[in-house]
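Worth saying up front: this structure is predicted, and the values here are computed from it rather than measured.
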Amino acid sequence: MINFSEMEQKWQKAWADSKIFEVEPNDKPSFMVFAAFPYVNTPLHIGHLRTYAIADTLARYERMRGYNVLFAMGFHATGTPVLAFAKRIKNNDMEIIDELKMFHIPEEEIAKMVDPEYITDYFSKTGEESFRISGLSIDFRRKFISIEPFFSKFVEWQFGKLNEQNLLVKGRHPVGWCPNENNPVGMHDTKHDVEPEIEEETAIAFKVEGEDAYLLCTTYRPETVFGVTNLFVNRDSSYVLCTIDDSQKKYYISKESSSILSYQFKINVIKEVSGKELIDKTCINPVNNSKVPVYHGFFVKPSTGTGVVMSVPAHAPFDYVALERLKKEGIPVPVPIPVLKLNATQNQSQLKEIKEDIPLAKAYLDLLGVSDDASEEAIESVTKLEYKEESRYGVMIVKGYENMPEPEARERIREKLLSDGNAIKVYLLANAPVYCRCGAEIVVKIVDDQWFLNYGDEAWKAKVREHLKSMRLVPEKTRSEFEYTVEWLSLRAVARAQGLGTRFPLDQRYIIESLSDSTIYPAFYTISHILRNVEVEKLRPEFFDYVFLGKGDIDSVSKSTGIDYDVIKRCRESFDYWYRNTSNHSGSDLVQNHLTMYIFNHVAIFPKEYWPKQIVTNGMLLNEGEKMSKSLGNIVPLKDGISQYGVDPLRIYSVANADIYSDEDFSVSAVKGIQERLDYIYNACMNLDSLGSGELKPIDYWLYSKLSKKIESATKSMDDLSYRSAYQSILYDSILELKRYFARGGNNAIVVKDFLTSVVLMLQPVAPHFAEEAWHLLGNNTFASMEKWPESKKDLINEKLEKLEEAIDSTIEDAKMVIGLMERKGKKVSKVGIIIASKWKYDLYNKLAEYKDQSKVLAELGKEVSSEVASKYLSQLSKGHTELSKLESGEEDEFEEFTDAAKYISSILGKEVIIEKEENSKSERASRAMPLKPSLDLS
RNA sequence: GCAGGGGUGGCAGAGUCUGGCCAAAUGCGGCGGGCUUAGGACCCGUUCCCUUUGUGGGUGCGUGAGUUCAAAUCUCACCCCCUGCACCA
């Protein structure tokens with residue numbers, strides 16, 4: 001068995017010593033590969049390997065195809081995670097400490113991780129180490145961390161460029177907010193890690209009759225405003241009359257909501273009233289001026305929305321039930337007014353029959369058997385079903401909106417209400433209540449002085465859309481997701497109050513948000529190693545303008561910045577050379593944010609020739625069907641995985657075992673299977689000396705034919721990044737072919753060496769250490785990593801021979817089956833007769849293939865066979881509709897090939913084998929022989 | 001809800017774009033056999049059902065319908081699963 005770790009260390013050292021992956025511009029075409037920044041506070045586990053292994057496979061392949069390839073990497077450290085990490089260590093949080101111990105991080109190191117700087121330092125070092133032992137062909141000189149001062153200079157320049165184009169805007173934005181701590185809250189700041197889900201709702205104003213005031217109702221379904229029969233308030237709650245923002249209108253809303261909404265609006269309370277007082281009032285429906293009374297709604301919660309609800313008993317189970325309960329109290333209640341019906345033609349709702357005279361809300365209550373006095377949960381479930389089905393099958397019956405599907409009507413009516421000034425937008429927490437870790441209940445706040453990057457800018461979007469069309473996306477099916485994201489991105493907040501990173505140039509109080517500072521970072525790889533020797537203060541905008549945009553000239557830039565002429569020149573040349581042909585690699589989860597922003601920012605900042613060319617995304621590596629996660633404790637640290645299985649088997653597994661886009665499951669037995677296959681190839685290389693020499697036999701040509709085809713198809717697959725199918729053929733199939741070659745009597749050292757040489761070179765991109773080792777075993781002394789990808793020799797492809805060999809295999813299969821049957825029946829088989837079809841059968845076969853018409857073939861029949869026999873044969877051939885194609889081999893070829901293979905067949909079957917021609921055979925089964933399907937006679 | 005991906009044999013996972021050579025690659029697992037002191041490794045056979053001196057038939061690729069001489073593959077509807085939905089890396 002190969003000692004993987006010994007072998008891997010040997011070649012990693014050799015690559016590092018020879019600096020073959022430290023690249024500079026030369027006269028070859030360039031190709032630059034980079035993979036998403038790993039975040040610097042997590043040790044790498046085998047789940048991380050996949051993206052990098054795929055990127056490296058591409059890098060190594062393109063290198064073999066004649067490109068000068070740069071593979072670069074760096075680390076991401078901006079934002080709050082590193083700070084949060086340090087805080088947790090400081091608080092002696094055992095969860096995180098145990099996790100670090102799982103990665104074998106010594107306690108004394110963990111102790112030092114109270115210092116953020118130490119964290120980034122430690123993980124960037126160990127991270128690099130992990131990349132090195134993964135055999136990635138990275139130019140490590142260019143590594144940087146996103147919080148290094150020289151990178152900040154670059155980000156400042158980037159934001160300057162965005163600002164020049166007016167893409168940075170200041171505005172309002174709703175966020176989850178803790179009123180106690182006065183801080184925005186994300187998922188990580190809440191109890192039980194719930195994401196505060198902010199929902200935009202409509203609040204419709206109903207004028208109070210005879211009073212200069214409105215009742216403000218929040219609703220999810222503005223389209224039902226036409227069906228409002230009354231309003232509901234809670235008679236036991238307190239309400240206030242107030243103004244909202246600068247409007248002159250006065251509104252009644254619940255007291256609780258007035259304080260919740262005060263984070264969104266300027267609310268000025270005029271007076272407090274009780275719910276009871278409101279019940280005496282009558283309101284006017286803004287859409288049809290109908291008079292609607294105000295009732296007590298048992299389900300109305302003052303903390304939800306505005307604490308005022310519009311009642312649509314025809315379509316809302318709660319409203320219907322509330323009115324029924326009031327009826328029992330002897331209060332006269334209104335008749336439901338329907339606004340939509342279920343579309344009869346498409347209706348697949350759970351309602352078995354729809355009775356026109358029963359309100360849908362009632363129909364759904366009956367369907368689920370929920371009575372008027374049921375629990376709120378029960379009514380809630382009816383509501384869910386009804387809303388879902390009405391939204392799917394419902395069409396409006398309201399005048400002016402007839403037959404309009406419900407979702408469309410909802411939007412239209414909402415827009416109308418807003419533009420007429422009859423409604424206002426409010427934000428609610430959809431999953432309220434959500435609590436901050438401090439215990440306070442979270443509200444929605446609108447922050448005013450937030451800076452945004454305006455991805456909604458139409459001109460910008462248009463450029464992105466256009467460029468996206470020309471980009472290569474792998475796999476292609478991610479395109480629709482990109483397109484969707486381009487449309488969906490609008491304002492993105494780019495300034496944060498806390499965290500590591502670059503100060504926001506337009507307001508020094510803020511830090512640039514951490515996804516926004518890493519959108520064009522790959523460009524920095526082209527010059528980062530050069531800038532290591534330049535003082536940070538010298539990296540003024542005009543330097544970057546020249547390097548990335550070609551603005552100005554070296555002399556003046558050199559004068560104003562103090563940077564050496566040659567350094568500037570070298571930077572410009574390096575960027576211009578490397579950044580034209582790039583491939584960005586990442587996990588598929590980044591399509592919706594980072595990767596799309598990557599395109600946006602490039603398009604905004606760089607000249608067109610440097611825009612992104614290719615994005616490759618891959619699925620996750622799972623462990624036993626579960627995402628590898630700290631909480632599940634199923635993480636295999638990368639270093640452990642490598643020392644246990646060897647990095648090459650892991651690389652092959654993560655690159656070639658599954659379709660690139662789908663998630664794959666980590667399987668120890670599959671990795672072992674790969675080790676064994678590498679071992680087989682390794683041994684084959686070792687044992688070349690024991691093979692013979694001499695003239696080439698058919699089986700040698702067969703192997704050459706297989707090899708040539710393999711190179712051809714593998715090359716195509718590699719070009720398509722279909723690594724799975726490429727390595728299926730390069731690794732798995734090659735071994736099956738070699739095994740068959742030897743079994744079939746192949747024994748030619750030169751042929752096998754040619755075969756292995758190509759296979760080993762083709763393995764180089766995924767299994768570089770192994771390939772180097774095998775390459776040297778085969779007598780070479782160069783680096784396989786720098787060799788050329790093998791060329792297919794088309795003239796060695798021999799379909800005829802392959803068909804004949806296939807015929808031999810299928811004959812063996814048939815014989816095995818029949819022997820099995822006979823022996824099960826107690827008949828002993830000692831001899832297998834293989835009878836090759838007569839020449840005339842080949843002739844007729846070819847004619848039929850050509851004419852596709854039996855009668856035409858029969859018309860030309862010669863004397864060697866009766867028309868009766870011939871037509872029977874022909875009809876057998878045309879059985880099934882598969883088209884026949886002309887045979888390349890004839891009777892003689894087949895006879896010779898089978899004769900040659902007799903020993904092979906005999907050895908597999910364990911029986912004596914006799915090959916004969918149909919015309920020479922005395923067997924009664926002889927006539928059953930067909931071209932490439934000899935008849936069998938067992939005795 | 002919106003968007004994206006997916007549902008194939010005991011399991012994993014190809015095949016779907018470009019319909020036929022697909023009872024469906026490959027791997028794992030199971031079973032039987034060989035080798036071995038034994039285990040591992042390795043090698044051979046087998047792994048939907050029926051039938052058979054053969055290359056035949058049936059059922060079958062989430063469910064239902066359709067197109068076609070022919071459907072895992074194309075069309076439509078439905079059901080189910082996974083992922084993402086923003087200021088968070």
Nearest-Å distance once atom C1' is located in both B/A72 and B/C21: 16 Å
Gap between atoms NZ and C1', on A/Lys672 and B/G29 respectively (whole Å): 14 Å
Nearest-Å distance for atom pair CD/C1', residues A/Glu487 and B/A3: 13 Å
Separation of B/C2 P from A/Glu411 CD (nearest whole Å): 12 Å
Sugar-phosphate, base or nothing in reach of A/Thr485, heavy atoms under 4.0 Å: nothing
Inter-nucleotide C1' distance (B/U8, B/G15), Å rounded: 9 Å
Spacing of the P atoms in B/A71 and B/A65 (rounded, Å): 14 Å
Nearest listed nucleotide, side chain of A/Gln728, among B/U26, B/A3, B/G4: B/U26
A/Lys706 charged N/C atom sitting above A/Tyr741 aromatic ring, 6.0 Å / 45°: no
Sugar-phosphate, base or nothing in reach of A/His594, heavy atoms under 4.0 Å: nothing
Closest to the A/Arg492 side chain, choosing from B/G5, B/C87, B/G13: B/C87
Spacing of A/Leu731 atom CG relative to B/A25 atom C1', expressed in whole Å: 15 Å
Complement of B/U37, any strand, by Watson-Crick or G-U distances under 3.5 angstrom: none
A/Ile652 and A/Leu678, any side-chain heavy atoms less than 4.5 Å apart: yes
Option among A/Phe75, A/Tyr521, A/Tyr598 that satisfies the ring pair (Phe, Tyr, Trp, His ring centres under 6.0 Å) test with A/Phe37: A/Tyr521
Closest to the A/Ser480 side chain, choosing from B/A3, B/G4, B/C87: B/G4
Between B/C61 and B/C48 - P atom distance, rounded Å: 16 Å
Strand partner of B/C76, provided both Watson-Crick or wobble distances fall under 3.5 Å: B/G64
A/Tyr455 OH - B/A86 P separation (whole Å): 16 Å
Rounded distance (nearest 0.5 Å) linking atom OH of A/Tyr723 with atom CG of A/Asn618: 11.0 Å
A/Arg724, nearest nucleotide to its side chain (from B/C2, B/A14, B/C87): B/A14
Separation between the C1' atoms of B/G20 and B/G29, rounded to whole Å: 33 Å
Selection from B/A86, B/C2, B/G4 that lies nearest to any side-chain heavy atom of A/Tyr484: B/C2
Note: A/Arg410-A/Glu406 ion pair, threshold 4.0 Å (strictly below): yes
Rounded P spacing from B/C49 to B/C11 in Å: 15 Å
Nucleotide nearest A/Arg677 (side chain, heavy atoms from C-beta), chosen from B/G27, B/C87, B/A14: B/G27
A/Glu201 CD to B/G1 C1', straight-line distance once rounded to whole Å: 12 Å
A/Thr120: partners by side-chain hydrogen bond (donor to acceptor under 3.5 Å, both in side chains), with sequence neighbours left out: none
Rounded P spacing from B/U73 to B/A23 in Å: 14 Å
Residue A/Tyr732, side-chain atoms from C-beta onward, closest of B/G27, B/C87, B/A86: B/G27
Sugar-phosphate, base or nothing in reach of A/Arg410, heavy atoms under 4.0 Å: nothing
Euclidean distance, atom CG of residue A/Asn593 to atom P of B/G4 [Å, nearest integer]: 17 Å
Any strand: nucleotide that pairs with B/U26 via Watson-Crick or wobble, under 3.5 Å: B/A12
Partner nucleotide of B/G1 by Watson-Crick or wobble geometry (both distances under 3.5 Å): B/C85
Flag for A/Ser516-A/Glu513: side-chain donor and acceptor within less than 3.5 Å: yes
Side-chain donor-acceptor pair present, A/Thr78, A/Asp517, cut-off under 3.5 Å: yes
Residue met sooner reading RNA chain B from 5', once A/Leu489 and A/Ala77 are mapped to nucleotides: A/Leu489
Atom P, compared across B/A14 and B/G62: separation rounded to whole Å: 14 Å
Partner set under side chain to side chain contact (heavy atoms under 4.5 Å, CB included) for A/Lys709, not counting sequence neighbours: A/Ile797, A/Glu799, A/Glu802
Residue A/Trp488, side-chain atoms from C-beta onward, closest of B/C85, B/A14, B/G4: B/C85
Just the atom pairs and distances: protein N or O near nucleotides 41-45 of chain B's N or O, under 3.5 Å.
from  : atom 1 : to       : atom 2 : distance (Å)
B/C42 : OP1    : A/Glu676 : OE1    : 2.7
B/C43 : OP1    : A/Lys739 : NZ     : 2.7
B/G45 : OP1    : A/Lys816 : NZ     : 2.7

Candidates B/G27, B/G84, B/G4 - which lies nearest the side chain of A/Gln592: B/G84
Whole-Å gap separating C1' (B/A25) and CD1 (A/Ile735): 16 Å
Close aromatic pair by centroid cut-off 6.0 Å: A/Trp451 and A/Phe504: yes
